[in-house]
*Asks:* 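Here's a structure for you.
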Protein chains: 2
Amino acid sequence: MRAQRPNSREKILAAAADVARESGPGSLSLDAVASRAGVSKGGLLYNFPTKAKLMQGLVEGYLRDFEQALETASSNDNDKNPLAVYIRLSADDCEEKRPSASWIFSAIAEDPDFMTPIKTFRRQLFERLKGETSDLKSLLVCYLAIEGLRSMNLFDSDVLSKDERELLVASLLEIAGSSDAEQASATQS
Amino acid sequence: MRAQRPNSREKILAAAADVARESGPGSLSLDAVASRAGVSKGGLLYNFPTKAKLMQGLVEGYLRDFEQALETASSNDNDKNPLAVYIRLSADDCEEKRPSASWIFSAIAEDPDFMTPIKTFRRQLFERLKGETSDLKSLLVCYLAIEGLRSMNLFDSDVLSKDERELLVASLLEIAGSSDAEQASATQS
DNA sequence: TTGACAAGACCGTCCAGACGGTACAGTAAA
DNA sequence: TTTACTGTACCGTCTGGACGGTCTTGTCAA
């Protein structure tokens, strides 16, 4: 069956992400991942019969983690509107120093089709937010700004200072919140 | 006669961008670029002695074009505030279907350091906008949203419909414009 | 006008190395 | 015995790059 001793699988996936981050996305070779994971190349190929499967594993793990984080955030932050929850979650995500998903570049280089699951996931997420947000304009602005934050994090771009990031998030929450307030009670100058 | 003028340089650069876009960033090999440009590999290596130089050429051309576009846009759109000009320019950029700068992925895979010129350029641009915009919050939101738009364009992600894109741009211009109005009414120079 | 010649622009071929992947024998625990 | 690997050897392919040769153009003296 599946996951009996999935220790290696996770280790390999984490190692792949580490290699991509530290040695650059172009250096993500099977040998590098294997040695980084403390696993022989044979063992790697046993868990992931092909490099494409490795990439697929990375994508699936990424999506799974994202979905789970969204779910728990929705539960914990229940009192807020979904857009605000998403903003806060994404901002926290991007707060972490390491560009967690730079393996994406490797995946794209390998085969651009690896992006399609991520793209459809994003689209579904956006559609869901669209259904849960009253003001389309606020949603668009906030969603795109968060996308920009993600982009900068992915490219390891440090254009914004910490203060500016916080101010941005506050502004976005204000925008997201104002739409909520409009919906609840149209009382704001 | 064959075009022996530095014509070849531009042709090669364009060919490289085409190959990266059409065959995927991972297939950006010297042979592919050479054949696409209608140039032998030797000829390519003559113009760009190494693959790194090719990438550098792509980056420099990208930055040069961007700067020039910004300049002409500033001249033509003189009556508007700089942030609005930037928003409009970027939106137009992202509107074009064909030329994603997907060669960036190849460059990153080759060596992440190729991003540093682009990163410093972005930072300078942001600093300049910061100096020219009265309301930091508006700037942050608009700049990041545009960054998000760029990101989606780069990843060839079609989450937004055309109407939504237009609505987004209108909203951003509104946000940018309101800061301008504040500046105009509150402080006169 | 012509011929010689140097420099620039480009071609075609070859090569060492890295990579993904295969095959297979061995091993230690459950 | 099966599962989950390890370790090594190996193959075919692709890639960046080096190299020497070739064609074109500009220059200048005679």
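Only heavy atoms go into these numbers, but all of them, side chains included; no hydrogens, no water, no symmetry mates. Order of the sequence lines fixes the chain letters, A, B, ..., with proteins taken first and strands second; residue numbering starts at 1 for each chain.
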*Asks:* Tell me: CG of A:L44 to P of C:dG20, nearest whole Å?
*Replies:*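 Nearest whole value for this atom pair: 10 Å.
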*Asks:* Please give, in whole Å, the distance from D:dA4 C1' to A:L45 CG?
*Replies:*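 From A:L45 CG to D:dA4 C1': 14 Å.
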*Asks:* Look at A:E67 together with A:R64 and state whether they make a salt bridge at an N to O cut-off of under 4.0 Å.
*Replies:*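 Looking at A:R64 together with A:E67, the answer is no, because their closest N to O distance does not fall below 4.0 Å.
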*Asks:* Answer yes or no: is there an ion pair linking B:K162 with B:E95, defined by an N-O contact shorter than 4.0 Å?
*Replies:*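 A salt bridge is absent here (no side-chain N lies under 4.0 Å from a carboxylate O).
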*Asks:* Give the rounded distance in Å between these two atoms: CG of A:L54 and C1' of C:dG20.
*Replies:*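 My rounded result for the distance is 12 Å.
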*Asks:* Identify, residue by residue, the members of residues 29-42 of chain B with a heavy atom below 4.0 Å from DNA chain D, and return them in order of residue number, or none.
*Replies:*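 Heavy-atom contacts with DNA chain D come from B:S29, B:L30, B:K41.
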*Asks:* Give, for atom CD of B:E60 and atom CG of B:D65, the distance between the pair rounded to the nearest 0.5 Å.
*Replies:*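 That separation rounds to 11.5 Å.
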*Asks:* Find the distance A:L28:CG to C:dA18:P and express it as a whole number of Å.
*Replies:*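 One finds 17 Å between P of C:dA18 and CG of A:L28, rounded.
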*Asks:* How close or far is atom P of D:dG17 from atom NZ of B:K53, stated in whole angstroms?
*Replies:*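 So the two atoms are 12 Å apart, to the nearest Å.
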*Asks:* Using whole Å, what does the distance between atom P of nucleotide D:dA4 and atom NZ of A:K11 come to?
*Replies:*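 So the NZ-P distance, A:K11 to D:dA4, works out to 15 Å.
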*Asks:* Do any side-chain nitrogens or oxygens of A:N47 fall under 4.0 Å of OP1 or OP2 in D:dA4?
*Replies:*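 Result: no.
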*Asks:* Could you measure the distance from the CG atom of B:L63 to the CD atom of B:Q68? Nearest 0.5 Å is fine.
*Replies:*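 If we round to the nearest 0.5 Å, B:L63:CG and B:Q68:CD are 12.5 Å apart.
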*Asks:* Test A:R123 against B:D158 for salt bridge (charged side-chain N to carboxylate O under 4.0 Å, His left out), laying out the working first.
*Replies:* CA-CA 8 Å; A:R123 187 152 43 213; B:D158 50 349; 2.8 Å; yes
*Asks:* Mind checking the CG-OH spacing from A:L168 to B:Y143? Nearest 0.5 Å is all I need.
*Replies:*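 Here the interatomic distance stands at 12.0 Å.
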*Asks:* Establish, with yes or no, whether the OP1 or OP2 oxygen of D:dA4 is under 4.0 angstrom from a side-chain nitrogen or oxygen of A:S8.
*Replies:*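 So the side chain of A:S8 is outside the cut-off, no N or O lying under 4.0 Å from OP1 or OP2 of D:dA4.
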*Asks:* Just how far is it from atom OG of A:S157 to atom CZ of B:R122, taken to the nearest 0.5 Å?
*Replies:*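 Answer rounded to 0.5 Å: 7.5 Å.
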*Asks:* Quick one: B:E110 CD to D:dT15 C1', roughly how many Å, whole number?
*Replies:*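 Taking atom C1' of D:dT15 as the reference, CD of B:E110 is at 10 Å.
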*Asks:* Any chance the rings of A:F155 and A:F105 have centres within less than 6.0 Å?
*Replies:*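 Ring centroids of A:F155 and A:F105 are less than 6.0 Å from each other.
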*Asks:* Within the pair A:Y46 and D:dC5, is there a side-chain N or O less than 4.0 Å away from OP1 or OP2?
*Replies:*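 For D:dC5, neither OP1 nor OP2 has a side-chain N or O of A:Y46 closer than 4.0 Å.
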*Asks:* Look up atom OH in B:Y86 and atom CG in B:L172, then write down how far apart they are to the nearest 0.5 Å.
*Replies:*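 Spacing of OH (B:Y86) from CG (B:L172) equals 11.0 Å.
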*Asks:* Return the residues of residues 15-25 of chain A meeting this criterion: a heavy atom under 4.0 Å from some atom of DNA chain C. Order them by number, or give none.
*Replies:*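 Here the set is empty: none.
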*Asks:* Rounded off to whole Å, could you give me the CD1-to-C1' distance for the A:I12 and D:dT6 pair?
*Replies:*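 Value for this atom pair: 12 Å.
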